[in-house]
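Single-structure report; data block below.
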There are 2 protein chains.
Amino acid sequence: MSEKRPTIVDIARLLGVSHSTVSRAFTHPQLLSPRTVELVRTTAADLGYIPNRSAQALSTGRPGVIGLLVPDITNPFFPPMIRAAQRVAERRGISVYIGESDNDPERELALISRFERQVEGFIIASSRLSETALRGATERVRSVLVNRDLAGVPRVLLPAGEELRRAIADFADHRAHGAAGLAAGGRVAYVGGPHRSWSQGERRAAVEEACREHGVPVTVSSCEVGTYRESHRIGEALEVAAGDLVIAFDDVIAHGLFDALTARGLRIPEQVMVLGCDGALPVETSPRLPTVRLAASGAGRRAAEMLLDAADPERVELPASLVRWPLS
Amino acid sequence: MSEKRPTIVDIARLLGVSHSTVSRAFTHPQLLSPRTVELVRTTAADLGYIPNRSAQALSTGRPGVIGLLVPDITNPFFPPMIRAAQRVAERRGISVYIGESDNDPERELALISRFERQVEGFIIASSRLSETALRGATERVRSVLVNRDLAGVPRVLLPAGEELRRAIADFADHRAHGAAGLAAGGRVAYVGGPHRSWSQGERRAAVEEACREHGVPVTVSSCEVGTYRESHRIGEALEVAAGDLVIAFDDVIAHGLFDALTARGLRIPEQVMVLGCDGALPVETSPRLPTVRLAASGAGRRAAEMLLDAADPERVELPASLVRWPLS
DNA sequence: TTGAAAGCGGTACCAG
DNA sequence: CTGGTACCGCTTTCAA
């Protein structure tokens, strides 16, 4: 396998032209006579010529690759983002290195220094780095952040706060009017995610603010790892009563809570409502859980475009949508 | 950002040695005096030297990258595989290009030709290519297949057949003894996946054979796209009665069927059992569905090792395990 | 044990 | 419009 593939020199020799001509036929065809371009291109195709990216990278200084860093590829939120970014890159002839930090800042930093020399830039999703570390990295390599709000660095944010506030407002409203089996004393229980991330802060703050504003009591707890299994355990002990609204950091946690609460005999959504976040699970439950659906694909696409088109709009927010919400 | 990073020439000049010496300090330290090696290495570290992979690739002819092709990155089966392969590659200083074919043979082929010149080899998971096309590709570039059984090409297989047979044997057994609410007339309904893949054939064949062998009537149908939504719709119309066993191609389909059947008033698993495959969902249902859990991570790891260590054992099967199965 | 020099496969500048 | 040539950063003979 892998016979020696033809280079521009082979093509040049075959055509009796200089290899610069062959190169130009691909990179600056305007400088050449249409006939020459045509000739070069067809023989190149005949020979099965494919440019050597390493050589191009070396001579242009542009590697033709971007790095995409995620904390956890098995979190269903990321694959759609990866896919979208990849599609954009592909259309521009650019490849994507995938790097997974495993939620570990050390590993994230290691990945960055491992790749920084080889890529045109990074898309760093849900970075676990400290502000200092992240700023240092982004100063060395062109980067676009996803779900991290660092002033001065291009970033795409998927805030869920607005929709969470809406949900809580609806909840407070129904509660006040004693509608639909909601007891007057209903509370909100927020179960946060495992990491200190921008999303974490944003969602929690929104929940707390909205509850304060609407005079709804709220309790806050957190996961350590964020798996279904763990949140199920949390749900077994969670202080919840009929009339409450349980808000989870994400859909996986929401599902664990949902199942645990159901097992405790609480009827959902009639007695207790469970609201998740992300909207990227490949499966649903029955009854289907409401969620704040985030534009993961949109974020991947936008981030890639910002990175590759070097566009300026440096802080982009993509709207979320509250779906399957029974109170609106 | 991106100041000019130091090259071996910078280090060489600083030390008053030739740049070949610097190069050797990294690639063939045995050839140098320990003092020189030490000297070069420390000043390299001081300067923050990072080798330029493109240059290395160009001069050695080895790109230091492998390509990992999957049909659908949002299918929860693949991320653990990607992660595992990535870890192995990383440990060897090799990066991973991720490519998604979107279940489209054309796209898969396009990705292959786009990458083949830039990678040391491919891991091709669940290829959708015809045998001819795939053989052509694997002749040009070193490749390891996952879940595709092409003689002569190194491959890692995750067969589910044995465990499916076991499940059906259990089912037939219980049915014969009229145990646990299983009506004597119970049947097996197999709902296949959307693609003609090796796994598809393997699972379906196993189900049909085992049913024939045990004298259990079986019906076979198929998904067109394989989403939760679609399989839910299929479940609404599926011909099922109390005492039946429903086997789905994967867990996503199983969940759709499960919810639809539950909505039809069938109690699961008391009246109807639903068995999935893969065991990679980030969430579970309640009651938790049994599944044939495949070693996705193991496959990623093995495939990467086979590719990078150029080892010979060319056909590897990784065992599956039937989990949460109520009849064993 | 080290240096000099020739590539690897392209790009891009300078002439003509 | 096209050819000649230097160069990108590193590896690898070949000599010394």
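In the text below, chain A, chain B and the rest are named by the order of the sequence lines, each starting its count at 1.
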Flag yes if more than 12 heavy atoms outside Glu317(A) fall under 6.0 Å of its CD atom; otherwise flag no.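 Atom CD in Glu317(A) is crowded, with more than 12 foreign heavy atoms closer than 6.0 Å.
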
Just wondering, are more than 12 heavy atoms of other shown residues or ligands nearer than 6.0 Å to CZ in Arg92(A)?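 Above 12, so yes.
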
Can we call the ring centroids of Tyr49(B) and Phe26(B) under 6.0 Å apart?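 Judged by ring-centre distance (under 6.0 Å), Tyr49(B) and Phe26(B) do meet the cut-off.
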
If you measure only the distance, is there a donor-acceptor pair under 3.5 Å linking the side chains of [X] and [Y]?
X	Y	value
Thr36(A)	Ser33(A)	yes
Ser197(B)	Ser199(B)	no
Gln118(B)	Ser54(A)	no

Expressed in angstrom and rounded to an integer, what is the separation of [X] atom [atom1] from [N] atom [atom2]?
X	N	atom1	atom2	answer
Arg62(B)	dG9(C)	CZ	P	16 Å
Gln118(A)	dG9(D)	CD	P	15 Å
Asp10(A)	dG9(C)	CG	P	8 Å
Leu58(A)	dC7(D)	CG	C1'	9 Å
Asn52(B)	dG9(C)	CG	C1'	14 Å

With a 4.0 Å cut-off on N to O distance, would you call [X] and [Y] a salt bridge?
X	Y	answer
Arg62(A)	Glu120(A)	yes
Arg107(B)	Glu90(A)	yes
Asp309(A)	Arg302(A)	no

Of all of residues 36-47 of chain B, which get a heavy atom below 4.0 angstrom from DNA chain D, listed by number?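 Under 4.0 Å from DNA chain D: no residue of residues 36-47 of chain B.
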
Has Arg135(B) got a side-chain atom pairing as donor or acceptor with Gly152(B)'s backbone, closer than 3.5 angstrom?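 Flag not set: sc Arg135(B) to bb Gly152(B) has no pair under 3.5 Å.
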
Is the backbone of Val141(A) close enough, under 3.5 Å, to the side chain of Ser143(A) for a donor and an acceptor to pair up by distance?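 Side chain of Ser143(A) to backbone of Val141(A): a pair is present.
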
Would you mind building the protein contact string for nucleotides 11-16 of chain C? One character per nucleotide, 5' to 3', B for base within reach (heavy atoms under 4.0 Å), S for sugar-phosphate only, - for untouched. BBB---

If you assign each of Arg117(A) and Gly16(A) to its closest nucleotide in DNA chain D, which residue comes earlier from the 5' end?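 Going by which nucleotide is closer to the 5' end, it is Gly16(A).
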
Compute the angle between the rotation axes at the two ends of the helix from dT1(C)-dA16(D) to dG16(C)-dC1(D), each taken over five pairs, rounded to 10 degrees.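 The two end axes of the helix from dT1(C)-dA16(D) to dG16(C)-dC1(D) meet at 40°.
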
Name the nucleic acid region contacted by Val9(A), choosing base, sugar-phosphate or nothing; use a 4.0 angstrom heavy-atom cut-off, strictly under.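 The residue Val9(A) makes no contact with any strand.
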
